[in-house]
Amino acid sequence: MAYWLMKTEPEAFSLEDLQARGQEPWDGIRNYQARNFIRSMAVGDGVFIYHSRVAVPGIVGAATVASTARPDPTQFDPQSHYYDPGSSLEKPRWDLVDVAYRCSFAQCISLESLRHMPEFAESPLVRKGNRLSILPITESQWQHVLQLAEHTEAS
DNA sequence: GCCAACGTTGGC
DNA sequence: GCCAACGTTGGC
């Protein structure tokens, strides 16, 4: 069992969209490091959903990895924004996994608050200029954020 | 909307 | 294989 964080711009695809659909293919990943993380995901892995490019960026809820990696069909589609002419059906470059909705936090765990947590001191998430859209989360990071989220929900 | 920081591309 | 130019990410 591993844990991950996936960033998304809610204007493009939000946690609310995932909630409405229940499960979605997480397509459009076009970064090799993120792609490699996708390839090491297993069904049942925990996923934090992070909203970027908003007034208060942060972790807004959780999801579950619902499939192992498979080729992202948008890379083959000339009509798609994510089309990659350098990719082919024989040798696909980009993969995706399906992600299933788990829960929405009553209050977002903001980037600002993550910066103050010792658990995240070493995380690329809080480093300036970080552009990784998918990154691994340690078990202690996972537990800590979940506990915080439950706490804000109770009060 | 701005712009720093980054990853990728392509000429050489 | 270097590295400048370019496009994109994402906090602010």
Handout entry: Listed partners of A:D98 passing salt bridge (charged side-chain N to carboxylate O under 4.0 Å, His left out), at least two apart
Key = A:R70
Completion exercise
Result for 5'-nearest mapping on DNA chain B, choosing between A:N130 and A:R93, is A:N130
Handout entry: Residue pairs passing the salt bridge (Lys or Arg N to Asp or Glu O under 4.0 Å) test where at least one lies in residues 12-35 of chain A, sequence neighbours excluded
Key = A:R21-A:E24, A:R30-A:D72
Exercise for the section: If a pair satisfies side-chain hydrogen bond (donor to acceptor under 3.5 Å, both in side chains) and one of its residues is in residues 115-128 of chain A, list it, with sequence neighbours excluded. Expected result: A:E119-A:H144
Practice task
Give a yes or no on this: more than 12 heavy atoms of other residues, nucleotides or ligands lie within 6.0 Å of atom CD of A:Q143.
Solution key: yes
Problem - Heavy-atom contact window of chain A on DNA chain C, given 5' to 3' at under 4.0 Å - result: C:dG7 to C:dC12
Problem - Pairs touching residues 40-60 of chain A that satisfy side-chain hydrogen bond (donor to acceptor under 3.5 Å, both in side chains), sequence neighbours left out - result: A:W4-A:D45
Fill in the blank from the handout: Sorted by chain and residue number, the side chain to side chain contact (heavy atoms under 4.5 Å, CB included) partners of A:S113 (sequence neighbours excluded) come out as A:I109, A:S110, A:M117
Handout entry: Contacts of type side chain to side chain contact (heavy atoms under 4.5 Å, CB included), residue A:D84, not counting sequence neighbours
Key = A:Q75, A:S87, A:R93, A:W94
Practice task
Scan A:R30 against the nucleic acid and name what it touches under 4.0 Å (heavy atoms): base, sugar-phosphate only, or nothing.
Solution key: nothing
Fill in the blank from the handout: For A:S80, the side chain to side chain contact (heavy atoms under 4.5 Å, CB included) test, sequence neighbours excluded, returns A:T74, A:D77, A:Y82
Practice task
Kindly state which residues belonging to residues 48-57 of chain A come within less than 4.0 angstrom of DNA chain C, counting heavy atoms of the residue only, listed by number.
Solution key: A:Y50, A:S52, A:R53, A:P57
